[in-house]
Amino acid sequence: MLERLRSVLGDRAAPLDVFFRDDDADRDIPELRRLDAMFARHEAPVALAVIPGTLTPECAALLRSRPHMEPHQHGWIHANHEPDGRKCEFGHSRTFEQQLIDIARGSQRMSELLGAAWTRAFTPPWNRCTAETFRALDELGFLILSKDATSPPVAAHRFREVSIGIDIFRWQGGAKLKSEEELMAEFEKRAALPGPIGILLHHKVMDDAAFQLVDSLLERLRASRTVSIHTLAALANKEQS
């Protein structure tokens with residue numbers, strides 16, 4: 001995969017914007033520390049989707065001390081409220097008022113534990129939400145929505161959408177690392193489209209093979225003259241300008 005990636009990047013003349021998003025941060029665990037060390041070594045930022053309702057003070061202290069980590073809000077407690085169908089914390093079974101209360105509660109918790117050291121961005125658990133969620137984000141002054149880029153884009157709101165297009169895992173039947181061939185095909189497809197390439201990680205289920213793959217990917221991307229790795233905030237500001 002990495003040789004193929006080198007060829008793809010080497011053939012590019014136009015700049016390529018990339019960002020990494022890691023979901024479900026809430027505890028100071030070895031996998032999070034390993035992720036932290038890897039991105040620090042490559043001097044690259046990573047957007048961390050933090051679960052406010054389960055965020056521990058120890059984890060918050062770690063995030064406050066890491067300038068390359070960009071915490072943002074990941075729902076409230078990552079709970080499924082849908083009686084049927086796909087899991088969703090901010091789905092069709094919940095009213096605008098219910099969603100607003102939970103998102104506001106999460107924001108308060110983020111500010112209590114992280115102070116000003118978090119980006120006003122929102123990632124819905126399972127990458128799914130509704131128009132009522134968008135209304136709530138506008139009312140609460142969120143600047144960014146990050147979800148799955150395969151779902152319809154969101155427009156006509158005050159926030160900017162900066163969504164992921166590549167998940168390194170397949171989730172049906174449990175988390176399984178995608179093959180290098182599959183990931184490279186997705187990367188090539190995304191590189192041919194306008195906009196940034198967002199790559200989704202989940203440190204809690206990453207094993208040695210997953211960490212090694214991401215480490216090698218970061219090495220190739222950082223070595224390319226055409227690639228820039230961004231924070232969510234930087235991409236939202238770039239789009240606005």
side-chain hydrogen bond (donor to acceptor under 3.5 Å, both in side chains): which pairs involve residues 185-200, sequence neighbours left out?
Arg4-Glu188, Lys178-Glu186
Side chain to side chain donor-acceptor pair (under 3.5 Å) partners of Arg41, counting only residues at least two apart:
Asp215
Got a donor-acceptor contact below 3.5 angstrom from the Glu89 side chain to the Ile77 backbone?
yes
Donor-acceptor under 3.5 Å (Ser146 side chain, Val162 main chain)
yes
Of the non-hydrogen atoms in Leu55 and Ala60, which two are nearest, and what is the gap between them?
CD1-N, 4.0 Å
Side chain of His230, backbone of Ala236: donor and acceptor closer than 3.5 Å?
no
Across all chains, not counting sequence neighbours, the side chain to side chain contact (heavy atoms under 4.5 Å, CB included) partners of Pro52 are Gln73, Trp76, Arg109, Met110
side-chain hydrogen bond (donor to acceptor under 3.5 Å, both in side chains): which pairs involve residues 199-209, sequence neighbours left out?
Asp22-His203, Asp26-Lys204, Arg34-Asp208
Contact list for residues 46-65, test ring-ring contact (aromatic ring centres under 6.0 Å, His included), sequence neighbours left out
none
Just one of His74, His72, Lys147 clears the side-chain hydrogen bond (donor to acceptor under 3.5 Å, both in side chains) bar with Thr123, so which one?
His72
Could you state the interatomic distance from CG (Leu48) to CZ (Arg66), rounded to the nearest 0.5 Å?
11.5 Å
Taking only distance into account, with no hydrogens and no angle test, what donor-acceptor pairs under 3.5 Å do side-chain atoms of residues 133-145 form with protein atoms, sequence neighbours excluded?
unit_1, atom_1, unit_2, atom_2, d
Thr133, OG1, Gln99, OE1, 2.5
Thr133, OG1, Thr130, N, 3.1
Thr133, OG1, Thr130, O, 3.2
Thr133, OG1, Thr130, OG1, 3.4
Arg135, NH1, Glu132, OE1, 2.8
Asp138, OD1, Arg158, N, 3.0
Asp138, OD2, His157, ND1, 2.7

